[in-house]
Amino acid sequence: QVQLVESGGGLVQAGGSLRLSCAASGSALSFNVMGWYRQAPGKQREVVAGITGGSRTNYAGSVRGRFIISRDNAENTLYLQMNSLKPEDTGVYYCYGYADRGVGDIWGQGTQVTVTS
């Protein structure tokens, strides 16, 4: 019943910006933690940024200072503002959320981000 749906991916030139959104289906659901992961072809999925229910954030060193993660709890939506994009940022970006009370881990289907040089 609980689903995460990403949007906002696409093609952008190096130095440009994109904003990813992740909408949660359950209006009454509160995620303890949410985050963004990405995976390049032939490489392992890696964490990009995370945020707690109290809006504490952390970032991978490769994106710190360029990306901003945020959440709107009233709208059940997670965001990733990506600035100063580099070709190395190319990959499939996945939304993640964890909730207790038997819900557990929830993953989105992913959205493609391609950065050209």
Side-chain angles (χ1 to χ4, degrees):
Q1 186 174 12
V2 178
Q3 292 183 317
L4 298 174
V5 181
E6 302 98 333
S7 63
L11 181 70
V12 65
Q13 292 181 329
S17 298
L18 285 174
R19 188 183 72 165
L20 305 183
S21 299
C22 172
S25 62
S27 62
L29 180 63
S30 179
F31 286 97
N32 302 86
V33 62
M34 301 189 77
W36 291 96
Y37 292 72
R38 69 186 181 190
Q39 187 169 21
K43 295 188 176 181
Q44 198 169 15
R45 187 178 300 184
E46 63 179 356
V47 64
V48 176
I51 186 168
T52 68
S55 296
R56 297 181 183 271
T57 62
N58 52 41
Y59 299 89
S62 58
V63 308
R64 187 174 293 111
R66 298 188 296 120
F67 292 9
I68 300 294
I69 188 171
S70 61
R71 63 190 295 175
D72 185 335
N73 292 326
E75 297 290 334
N76 285 334
T77 304
L78 178 73
Y79 301 98
L80 184 68
Q81 178 66 46
M82 303 185 294
N83 301 314
S84 301
L85 282 161
K86 304 175 180 179
E88 306 94 274
D89 296 318
T90 294
V92 179
Y93 283 68
Y94 298 90
C95 179
Y96 166 85
Y98 174 82
D100 57 11
R101 299 185 181 274
V103 176
D105 302 296
I106 305 294
W107 289 92
Q109 294 296 314
T111 184
Q112 177 70 43
V113 172
T114 302
V115 184
T116 61
S117 60

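In this chain, numbering begins with 1 at the start of the sequence shown. The basis for the numbers below is simple: all heavy atoms, side chains too, and nothing from hydrogens, waters or symmetry mates.
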Residues 1-12 vs salt bridge (charged side-chain N to carboxylate O under 4.0 Å, His left out), sequence neighbours excluded, gives none
Tell me which donor-acceptor pairs under 3.5 Å the side chains of residues 11-23 have, and how far apart each pair is, sequence neighbours excluded?
unit_1, atom_1, unit_2, atom_2, d
Ser17, OG, Asn83, OD1, 3.0

What distance do [X] atom [atom1] and [Y] atom [atom2] have between them, rounded to the nearest 0.5 Å?
{"X": "Asn32", "Y": "Asp100", "atom1": "CG", "atom2": "CG", "value": "4.5 Å"}
{"X": "Thr52", "Y": "Phe31", "atom1": "OG1", "atom2": "CZ", "value": "14.0 Å"}
{"X": "Ile106", "Y": "Met34", "atom1": "CD1", "atom2": "CE", "value": "10.0 Å"}
{"X": "Gln109", "Y": "Leu4", "atom1": "CD", "atom2": "CG", "value": "10.0 Å"}

Residues at least two apart in sequence or cross-chain that pass side-chain contact (heavy atoms from CB on, under 4.5 Å) with Asp72, listed by chain then number, are Ala74, Glu75, Tyr79
Sequence neighbours excluded, the answer for side-chain contact (heavy atoms from CB on, under 4.5 Å) partners of Glu88 is Lys86
Taken in chain and number order and not counting sequence neighbours, the residues that satisfy ring-ring contact (aromatic ring centres under 6.0 Å, His included) with Tyr96 are Tyr37, Trp107
Test side-chain contact (heavy atoms from CB on, under 4.5 Å), reference Arg71, set Asn76, Thr57, Leu78, Thr77, output is Leu78
Residue pairs passing the disulfide (SG to SG under 2.5 Å) test with at least one member in residues 30-60, sequence neighbours excluded, are none
The complete set of disulfide (SG to SG under 2.5 Å) pairs with one or both residues in residues 32-73, sequence neighbours excluded, reads none
Applying side chain to side chain donor-acceptor pair (under 3.5 Å) to Gln112 and not counting sequence neighbours gives Thr114
Let me check something: do [X] and [Y] share a hydrophobic cluster, defined by ILVMFWY side-chain heavy atoms less than 4.5 Å apart, either directly or through other members?
{"X": "Met82", "Y": "Val115", "result": "yes"}
{"X": "Trp36", "Y": "Val2", "result": "yes"}
{"X": "Val103", "Y": "Val33", "result": "no"}

Looking only at heavy atoms, the pair that brings Gly35 and Ile69 closest together is CA-CD1, 4.1 Å
Which donor-acceptor pairs under 3.5 Å do the side chains of residues 60-68 make with protein atoms, sequence neighbours left out?
unit_1, atom_1, unit_2, atom_2, d
Ser62, OG, Arg38, NH2, 3.4
Arg64, NH2, Tyr59, O, 2.6
Arg66, NH1, Ser84, O, 3.0
Arg66, NH1, Asp89, OD2, 2.8
Arg66, NH2, Ser62, O, 2.8
Arg66, NH2, Asp89, OD1, 3.1

